[in-house]
Each structure stands twice: as structure tokens, then as C-alpha cells.
Amino acid sequence: MGIDSFCSLDGSDPFWDWNRTWQTHNPDLTPCFQNTVLVWIPCLYLWLFAPLYILYLKRNDHGYICMTHLNRAKTAIGFTLWLICWADVFYSFWERSHGATIAPVYLVSPTMLGVTMLLATFLIQYERMKGVQSSGVMLNFWLITIVCATVTFRSKILHALNEPASVNVFKYTTFYIYYTMLLISLILACLSDQPPLFSQAVRDSNPCPESGIYNIFLHFVKALVITNAARRTSTVGEIVNLMSVDAQRFMDLITYINMIWSAPLQVILALYFLWQNLGPSVLAGVAVMVLMVPLNAVIAMKTKTYQVAQMKSKDNRIKLMNEVLNGIKVLKLYAWELAFKDKVSDIRESELRVLKKTAYLGAVSTFTWVCAPFLVALSTFAVYVLVDEHNILDAQKAFVSLALFNILRFPLNMLPMVISSMVQASVSMKRLRVFLSHEELDEDNVERPAISSCEIVDGAFSWSKDESPTLKRINVHIPEGAFVAVVGHVGSGKSSLLSALLGEMQKQEGSVSIKGSVAYVPQQAWIQNATLKDNILFGRDGKDSWYQKVVEACALLPDLEILPGGDSTEIGEKGVNLSGGQKQRVSVARAVYCNCAVYLLDDPLSAVDAHVGKHIFEKIIGPQGLLQGRTRVLVTHGLSFLPQADLILVMVDGEITEMGSYTELLGRQGAFAEFLHTYTNTEQEEVEESVGGEAGRFIAELLSCFHASVLSYKEGGEKTKSAEAARLTEADKANTGRVKLSVFWEYMKAIGLPLSIFSIFLFFCHHLSSLGSNYWLSLWTDDPVINNTQPNREMRLGVYGALGISQGIAVFCYSVAVSVGGILASRYLHQTMLYNILRSPMSFFERTPSGNLVNRFAKETDTIDSVIPSIIKMFMGSMFNVLGSCAVILIATPLVAIIIPPLGLFYFFVQRFYVASSRQLKRLESVSRSPVYTHFNETLLGTSVIRAFGEQQRFITESDGRVDHNQTAYFPSIVANRWLAVRLEFVGNLIVTSAALFAVMARDSLSPGIMGLSISYALQVTASLNWLVRMSSELETSIVAVEKVKEYGDTEKEAEWRLEHSTLPAGWPTAGHIEIHNFGLRYREDLELAISDISVNIEGAEKVGIVGRTGAGKSSLTLGLFRIIEAAQGEIHIDGVNIAELGLHELRSRITIIPQDPVLFSGSLRMNLDPFDGYTDEEVWRALELAHLKNFVSGLPDKLNHECSEGGENLSLGQRQLVCLARALLRKTKILVLDEATAAVDLETDNLIQSTIRTQFEDCTVLTIAHRLNTIMDYTRVLVLDKGQMAEFDSPSNLIAKKGIFYKMAKDSGLV
């Protein structure tokens, strides 16, 4: 039985009829086709997908949704549809019983459809039970069913109108009910049900595993295991760039990846159809395309080399910015901001030079690709009409070809983007490969035996495989529970010995073994941006009683009283709101709290005052301390602790020269004994007594003073401290709402208004000539045909070509104009941001995490450099395309005016809705990215501590959490893109449909040329609309970068660097006379005064020591002197000039400080001493000689040009401190401030420094903040501060006679 007899027993209803479907003014499908194919397609779809879908739902149970009105409605309609189908079946049986002949199709198709509707109803309920809120499978089913039914619906209406007599009323009625129900089902399927009540499935907050995440994860893990030598080659800036820019390149490539196969396919299909239309003439067009390929290949290769160069500059710039932000306090104290601003600007200029070259290349590339389709069309048409004069270019040939050429335009435009995206990704891939293949620390550097505590046998260690050993011939055995002291000069290898024990150095020979867990306190405390308590707990569980003991032993209780939120106070990045001593004590507390077997302490007592140091030693490190019975290795310069050590290691030039107990070493009369005799008091017994005796009255008093406060603290008194005061840093905020027009205006001003207007004019010219050429083509096709030829074809061809060339020129010009404008804008925006940030006060840097600032200089600047100009080009292009297309369609078929306004309105709403969501998602993504960098930066600075404590996994998890949080904003923006595409395709297709429909309706009054023109533009409109919305959204989201960069222009700024009309004499200050009247300052508006009511008169050339407990306000006073913090009360006069009336650089460049943290920047040693190049080499060498660095520097291969690594990490802390001294000797101003400057050097070097200061600064006023009281005992006067106020001020001998605070401190240090 054939398909025809299946539909009608007598063959009167064929399956297909060409006369009915094709050769007619009113095409229609046969009833047989409608009752078979159109009914079976939806059934087939559902039965194919249902088994797979049921299996999927079974495996992915999201919980259970209660019966809702929506669900009831869906189910009721499903049943109704089933009943309607059965009604049709029963009606057919009824007809049969009354003698009618019924074809099998009228029984089979409704039965199939009925069973399918039953399956659909079952699926609706099954989805509800499995927690599916909206179903794609069912939506597609209803959509396919309604599309198929619409054909039948139209057919039935036409049949009823034309042949009303033959209408079967029952079947028509059931069909119309069926069709209405389908429509309702489709609408209901678009609505989402309520969320499931409970879910067995884990709710995944991060549904999209992007390649970028994996990249960031890899970076983080790698950064925790690379060796110190590798860290020097990959700087923090570079690693942050790898994380931000390079990881993003992979994400961008994924978007285009499918174009690699689909673009060539589209090209091949288009060429095939063109061949069908125009024959061999197409080869001319193909030849043009082939010629374009090598040209673009050359451009791509060039772009790649430029990009590598640009990334290199960017790495250097971010690295330098990172250092500037890390060392901003030092820059301000030395008034060096301008020197570093120039350094950053130089790197930026070289980056912009490369960008400019890239822009010119980009313009050539855009020119070739925009002109490619036109040149292809021109060459093809020219060959076609010139080869044979009987070849007539009519509307069918011209516009079908033009439509196909336009189809070609998209893959040809996309290919270069895909290629450049692949080029960028390959550059990034190479950079990632270099980083990920860096040398890693060998896990086996340190063995973990079950016996012996710590041991190194025949050890030789270096910082990298190729270097000569820093430590050699190391043999040391430390018994379990022993207390070992390591002593030696600056740079003798004491810290390196601890690094060797930790496995941080390359083991060249020998073996290292450590038993049990290790705690490490580095020489420079590493503090996290977290609360004080979290810094101490360091991921361990909180045990209150133990925590209280540790805090008390580390002398932190008085500090908790001072801090605004007690131990819940948030500590800024790198511990900015703690003094040096406080940081070091928190670092010690962290180590003690974690209760390990082995403690490696790298000179933790250098940054604290003598009496606090003594307290910590006795309560923690000493024989009666909390750590008794543990193995302790202490690097120290404090001689008073040595008698209590079980073993002393003396280090000289990376070797252990002597080893033994205190008495043994004294008995040997070696270098150690000689060193001791030089540097200890003549009253040896006094030292013995002060070290061996009890904790000393001072500590007892200190504790009794604070005993009451401890009780109140334990009772929960700290709860009264406000949570607000405890917060310090401000998270990056996301702006909301539309991007203000002022941001676009700012960007246009940054480009320059004339250039902006000129660019828009060029865009207009390009589109005008494009429209002109197509209109000319439509006129050409309408030319009359005389004797099988068209008369004016040469003239037509010439004008067509000329219009095309003018189009190309406009494209090239606007591409160059926009790119150059973009570069001008990014130069201006970067410069103003850099200037604004350097002008910000210190409080701004304490509040703003460096991650936010690095994000501005890395990601946001990259967006302004390369993303915004290309988006502007595409936005303007698609906008003019859409306007042009609508204009042409309206002129050709004015009836379209009926449909364009409602579609425009729909489009407008979709666009607003999408852009608002997309923009906000982009902002959230940007804001949640900053914490990723902040945490990464922080981790990089503390890798040795994290590794020592074995906390790598916790930090990796924390980083993953932050990245996941960032991705939860990234993934929805991709989904939003798909949402948009579906709706815009719909609008575009409606425009095409209506243009074609109205053209057919007006076929008698329209010329074929104009109709072809209208439809060819309508076909383009979908892509242009899609692109326009995408680009308007991209433009808004990218311009957010400008908004972010501009926001630092409105923050508070310091006073002016230099005043316009300065009356300051050239040599000021000449005497160095300082008068402080009733002076006080506070760190933030909402905090108490940190120091208050200080009045002191210091004569020129006087030497004044400033002492007091940690946190008493010693450093605050110097900050006031340099106006790092402006006075809240009182004033300071230097040589009779009120410093508040000077420009900051005038003040800061005329007084010198040797700061507490010796900060060095990457660059040459000479640059670190004299960034402005204001001194001769002789003067620099002289300063180095006086700073006792001449021998060290002259021993270096590059001498003064020796490259310091980031943060000066390739010099020891003591050597860095001496470099800071050399800076001071170079500047040689009348006032010198020493801020605990010799805390990190050994006694011998300390003595050398002190003698240098005494001789070189003899006629200068010297203010010294001292921890070692012996350094200031010969000063003229000493200022004792207590709790931010002046307690005592007199000569050292008078103060000792008074027996006040100073006397107790001196007694503690064993000086009286």
C-alpha cells in the first residue's frame, strides 16, 4: 500500500502536488502531507528524546516541586489535547459505521498524536517530581507542534473560504480547539515554575568550569612551590599579569573556537551557490580572497611580535607599580614620587608606541576585510559583464549574488578575529609555559625522620642551582628540646641557615633532617589582611585559654587595649596599621599558638623594645617560657640572651666557624670571645645578673598595671568596641545603574573633541558610499535590455568601482582615527590616575587594598588600551548598518512602516533589559576580581611562612573560593548573551519576513532592482541588530573601566607638593632647630588622638633619643614631622618656619629619614640611592664607604649597576638597612631621623653605623627612635613617650637619676 492510498483509498488525495505547492499564486500543502508528515514530526521528536530525557531526570534529581496553578494548567491542557485526539479517532469510527470510506491515515495519525500528548502530560508531572522549573525539551516540543499545526490552520481557513460546502464541521471544530490549546501550552511552557522544596543535589554556585579558572588555580599552586631564584625571574607584577590578562585570553578564545570549522564551511557553501548563479566569473572573486590571505597572515605575524613586546612592557609597568604601592611610604618620606612617576611613564610610553604600531596594522587589516566583500563583488561582476556582452546583470543575478557575498562577509570578518585571538592565546600560552615550567622546590630537600631532632650533615646550599653555594661545610646536630642561638655579622648567612632547614634553598650536597612540625618567624613579619585574631590563629581551631596565654606572653594585651576593635580589629595589607614591633609580636604569637615541635626564629626580637624583648624571651623562648622542651633555633644580635642557650653557632661568610655553649666559647678565647668582650658592658656580672635573674621589676609592674585590663578583656569587655572601628580596608564597590553620560563625555574629552567628531563624520561617509554603491547596482539591474545587451555597462561599472574605493578610504581613515584617539585617551587617563594615586595620603593606601589598585593598572588599563577602541569601531559600524538598512527597506517598501515601530519598541525593551543586566554582571565580575589579586599578592609575599607551616592547601582552597565567587558573576553574563541572541534573531527574522511579504504584495508597482536591494538589506539586519545590542552592551560594560580609573580623581589628596610662590631660602634648614608646640595627631577622623600635647624645643645639632613602649607614639611623631599625617592640634617649626605652610616636597626633601622597614626597589643599586641622578659617582661611592658597604659593592660584578631584585630580596635585611643609611649620607640634610634603623644589624655593624652618624652628622640635629638604649646613652637628651604623651625629657644621666620610666628601661637593658 503506497502513501497515496494510505491517505485516500481512491488516490484522490496525493502526498505531493507541484501544481498546488509551487506553480500557483497561493501555495499550499496537500491534506495528505499535512495529516502525515506535519503530525508525525512532533511525535517523532518527543518519542526520540523522551527516553534520554527520563534517564537524565532520573540521574539529576533537584528535589520536588509542589503542585502549583501553573502545573495544574499544563496537566489539564495535556489531558484535553489527548481527549481531542481520541475524539477524532472515535468520530472516524462512527463515520465508518455509517457506511463512509475512511482512509487509514484518519485513524493512525490522531491515535499517534493522542499517545504523544499522553506522554507529554506524563513528562510534565515527572519534571515536577524531579524539581525541573522550566524545560527546554518540552518548550521545543510545543514549538515544533505549533509550527506544524499553523500550516494546517492556514490551509483549513483557505479551504473554508474557497469551498464552504465541503467543510467537515466536527473535525474543523476539534482542530481549532486543538490549535488554541497548543498556543496556550506554548505560552505556559515559557513560564518558570517555583523552586523545588528541598534538593538532594548539591546546589552548585559555580556552574561553569571556565578555562580561566583552571589557569588561575594552576598559577596559585605554582606560585607556592617555585624556588626563590625562579621568583626573582617571575616578579609579582608578571605573575599577576599572567593571572589577569593571560588567563582572560583563553576565555576569549573559547568564544570564537567554533568559528575555526564553521567559517570555512560557510565560505565553501556560499561559493558553491555563487558558481550556480554566475558561473566561472566567481573565480575572479575567489582570486581576490586568496590574495587577501597572505596579506593578513603578514599582519597577524607582525601583530604577534608587537603583542609580545607590549606584554613585556606591561609586565614591567605592573611590577614597578606593585613596588611603588608596596613602598609608597618610603617614596613619600623621601619625596621621590616624581622620580617613580617618570619611571612608570617611560615604560608606559614604550608600551603606547607599540600599541600605536598595532593600531596602524589593525587599520590596514580592517580596511582589507571591510573592502574584501566589495572587491570580490566588483571583480566578479566586472568579469561577468565584460567576458560576454550577452551576460546581463539583472536583479536576480545581482542581488542573489550580493546576498551570498554578504554571507561571505561574516566568516571573512570573523576569521581575522579568530586568528588574532589564537595568536594572543598562543603568546599567553608561551608565557604560561615559561612560568609553569619554572624550577620548583624539591620536597626531598628536608628529610622527616622519626628520630633525631634537627640535623645538617656536610651541607652546601645555594639560592639557585647555578649559583655558587651561599652556605658551605655545614655540620650541625641539634638535640631535641635544645635552645640554639645563631650569631654573626650582617650577611654572614644566619637567615640562610634557617632557610636551609626549611628546605627553601637548593641543597647541593649533604643532608638535612627535621623531626616533627615546624613553626617559622621570618625576619620581616608577614601579616595578612585579616583580623588580629585570625592572624594569630592562622587557620587553627580557637582554644581560648591557650590563646590568652599566648597573647599575654607576647606582650600583646596592652596593644589590644589601644586597637579600636581589640583582637577583632582588621589589620591592613602588610600590617599597615601596626607598628614594626607589634607586627613582629603578632608573627611570634602565630608561631607559638600553633604548638609545633621545632621553632625557627629569625631575629624576632630586633624590632621590639629592650624590655619587651626581654619579656618575650623569658615568657616564650627562654628555659622557663611557653616553648620549654621544644627545639628552638634563634637568630639574634642580642648578646644578653646567649648565656641561656644550650648551643651557640657562630657564622662567618656562610660557614659555622665556632660551636658550643656560652662558657665553652668564652673559654676557647676565639673570635666569639673577642667579639663579646668588645660589645658587652665592662660590668659583666651586671649582664649576668640581668639575664639570669627574674623577669625584672619592670615586667612585673607592667603586668600588674595591665592585670585589671586583662580581667575586663576576658570578661568580654571588648564587645563594646565598635565593629565599624575594627574595619580598615574598603572592598572594591560596584557602581549601579546606567553608566553616566559624563563618563562617555570624559572619554571623548580624553580623545579630543575635534578627533571624536571627525571620526563620526568618517563613519557617516563610509556608510553613505556603501549605500550609494548598492543603490547604483539596483539602478544598473533595472537598465533596459536591448538586443540581449545592456548599453551603459562600462559607465555603470566605473561608478560602482569609484564608490567602492571611496568606501575603502573612509574605512581606513576612521580605523586610524579611532585607534589613535583611543591611544591618546589611554595615555591621558593612565597619567592622571597615576598622578592622583601618588598624590593620595597614606591613609588612602591603608584603606585601599593593593589588589584594587593593581586591578586598575592591569585589567582596567588593558581594557582602555585595546578593548574600547575596537568596540567603538564595531558599535558605530553596526549602528550605521541598522539605520541604513531600515532606511532602504522603508523607501523601497513603505508598508514595512507598519511593522517597524512595534518591532523597534520590542527591540528597545530587550536591549535595555539585557544591557542593564549585562553591565551590572560585568561590574560585579570586576569587583569580585580584586580580592583574587589581593589574596594572591599577599600569598606571594608570605610563601616561605605558608610553606613552613604547611598551610598551602588552605591558601589554595581560599583562592579557589575567591575565584569561584568571581566566576558566579562571569557565567550568567554568557547565559545572558544566549538569551539576547534568541530574541534578536526573532526580531530580525520578522523584519526579513515582512520585507519579503510586502515586496511580494507590491510586486506590480516595484522594480526588481529596488525589491532586491530592500531584501538584501533586510537579510543583513539580523546580524547587524544582534551586533548592535552586543556592542552597545560591551561599550557600556567596557566604559566602566574609564569610570573606575576616573574614580581616584575624586578621593582626598595630600597638600601640594610644591607651592607656587615659595619664599623658602635655598639652604633651609640651616641650623636644624625644631620647636614642637602642643602637637597632636590622629590616624583617622573617627579615632582618638594617637599622640597629643607634645611640646619640645630641640636646638640645632642636638642629638635626641625618642624611647617608649611599642605603640607609645614614637613613629607617629616622625610621621607628623614629615606631614605623612597632618597635625590635628599644635604646630611644628623648623628654623622658625611653620612646616604646615610649606609644600610637601620642599619639606620632605630637606629632612632625611632612615625608616624602620628598609625598602628597596627593583633596579640598579645606584637608582636606589639616587633616583633623580643628582649626585656624581664619587659622591655615591663616598656614601657607600661611610655606610660600610664599599667592600660589598665593589665585590659585585656590576658594582653600582648591580640589579636589586623586587623588594631588594637579593640583599640581606642588614645590607638593605645600610643602603638606607647610604641614602641618608648622600642627602646629608640638617635634620636626620632614625626610625629603629639599626634593629636588624648585629652589634658590630650597629657600632659602625653609630660612629658614622656621630662623625658625619656631627653638626646636624639627629632624632633617633631607639630600641637599644646603649645607642642613645651619649645623646644630649632623651624624650620618653608613654601612651601618646610626653612622659620625660632630659639628658640620659638626669633621667637615670630621676629613677622614672627611663631608669627602669635602662635597668632592663643592663645599662645601670
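Keep in mind the model is a prediction, meaning the values are calculated, not measured. Keep in mind that the numbers below use all heavy atoms, side chains included, and drop hydrogens, waters and symmetry copies.
Side-chain N or O atoms of Asp28 include none that pairs as donor or acceptor with a backbone N or O of Ser155 at under 3.5 Å. Ser1014 contributes no side-chain N or O that, together with a main-chain N or O of Ile1010, makes up a donor-acceptor pair within less than 3.5 Å. Proximity of a side-chain donor or acceptor of Thr24 to a complementary backbone N or O of Arg20 within less than 3.5 Å is not detected. In this structure a side-chain-to-backbone donor-acceptor pair under 3.5 Å is present from Asn162 to Leu158.
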Validation: residues 897-905 side-chain donor-acceptor distances under 3.5 Å, sequence neighbours left out:
none

Exercise for review: Please step through side chain to side chain contact (heavy atoms under 4.5 Å, CB included) for the pair Leu1028 and Tyr907, ending with a clear verdict.
Suggested key: CA-CA 11 Å; Leu1028 179 62; Tyr907 165 77; 3.3 Å; yes
Worksheet item: Does the pair Trp16 and Thr30 meet the rule for a side-chain hydrogen bond (donor to acceptor under 3.5 Å, both in side chains), with working shown?
Response: CA-CA 6 Å; Trp16 191 258; Thr30 63; over 6 Å; no
Evaluate the criterion side chain to side chain contact (heavy atoms under 4.5 Å, CB included) for residue pair Thr116 and Phe141; output intermediate values, then yes/no.
-> CA-CA 10 Å; Thr116 305; Phe141 168 67; 3.9 Å; yes
- Show the numbers, then the answer: is there a side chain to side chain contact (heavy atoms under 4.5 Å, CB included) between Ser281 and Val387? CA-CA 9 Å; Ser281 318; Val387 161; 5.6 Å; no
- Candidate pair Trp780 and Val385, rule side chain to side chain contact (heavy atoms under 4.5 Å, CB included), full reasoning: CA-CA 12 Å; Trp780 181 359; Val385 295; 4.0 Å; yes
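In plain terms, the two heavy atoms of Ala995 and Ile889 that are nearest each other are CB-CG2, 4.3 Å. Contact between Ser92 and Tyr106 at its shortest, heavy atoms only, is OG-O, 3.5 Å. In this structure, Lys74 and Leu191 approach most closely via the heavy-atom pair NZ-O, 4.3 Å. Heavy-atom minimum distance, Leu29 versus Gln34: O-NE2, 2.9 Å. Of all heavy-atom pairs between Lys130 and Lys58, the closest is CE-CA, 4.3 Å. In this structure, Val105 and Pro110 approach most closely via the heavy-atom pair O-CD, 3.6 Å.
The distance from the CE atom of Met181 to the CD1 atom of Ile184 is 5.0 Å, given to the nearest 0.5 Å. Here the straight-line distance linking atom CD1 of Ile177 with atom CG of Leu83 works out to 11.0 Å at 0.5 Å rounding. Here CZ of Arg72 is found 14.5 Å from CD1 of Ile124. Values are rounded to the nearest 0.5 Å. Note that OG of Ser134 and CD of Glu127 are 9.0 Å apart. Values are rounded to the nearest 0.5 Å. Atom CD1 in Ile54 sits 5.0 Å away from atom CG in Leu123 (nearest 0.5 Å). Separation of atoms CZ (Phe93) and CG (Leu107) is listed at 5.0 Å; rounding is to 0.5 Å.
Counting heavy atoms of neighbouring residues, nucleotides and ligands inside a 6.0 Å radius, atom OH of Tyr176 exceeds 12 of them. Remark: Arg96 CZ is loosely packed, at most 12 non-hydrogen atoms of other residues, nucleotides or ligands lying under 6.0 Å away. The environment of CZ in Arg59 is sparse: at most 12 heavy-atom neighbours from other residues, nucleotides or ligands sit within 6.0 Å. At most 12 non-hydrogen atoms from other residues, nucleotides or ligands lie less than 6.0 angstrom from OH of Tyr775. Atom OH of Tyr179 sits in a crowded spot, with more than 12 heavy atoms from other residues, nucleotides or ligands closer than 6.0 Å.
A donor-acceptor contact closer than 3.5 angstrom links the side chains of Asn977 and Tyr914. Under 3.5 Å, the side chains of Tyr1017 and Asn774 contain a donor-acceptor pair of N or O atoms. Donor-acceptor pairing under 3.5 Å is lacking for the side chains of Asn35 and Ser109. In summary, the side chains of Ser135 and Tyr53 do present a donor paired with an acceptor at a separation below 3.5 Å, with no hydrogens or angles considered.
Contact annotation: the side chain of Asp394 approaches that of Lys397 to within less than 4.5 Å [non-hydrogen atoms, C-beta and beyond]. Between Trp275 and Pro280 the shortest side-chain heavy-atom distance falls below 4.5 Å. At a threshold of 4.5 Å between non-hydrogen side-chain atoms, the residues Pro42 and Cys148 count as touching. Counting heavy atoms from C-beta on, the side chains of Thr111 and Trp86 come closer than 4.5 Å. Side-chain contact between Phe986 and Leu990: present, with at least one pair of heavy atoms (C-beta onward) separated by less than 4.5 Å. The side-chain heavy atoms of Ile84 and Phe175, taken from C-beta on, include no pair separated by under 4.5 Å. The side-chain heavy atoms of Tyr64 and Arg128, taken from C-beta on, include a pair separated by under 4.5 Å. For the pair Tyr384 and Val282, the minimum side-chain heavy-atom distance is 4.5 Å or more.
Aromatic ring orientation, Phe33 versus Phe15: tilted (interplanar angle from 30° to 60°). Taking the six-membered ring where tryptophan is involved, the planes of Tyr172 and His159 are tilted, since the angle between them lies from 30° to 60°. Note on ring orientation: taking the six-membered ring where Trp is involved, the planes of Phe6 and Trp40 are tilted (angle from 30° to 60°).
Aromatic ring centres of Phe909 and Phe913 lie farther apart than the 6.0 Å criterion allows. Separation of the Trp94 and Phe170 ring centroids does not fall under the 6.0 Å cut-off.
Arg796 meets the salt bridge (charged side-chain N to carboxylate O under 4.0 Å, His left out) test with Asp783; sequence neighbours excluded.
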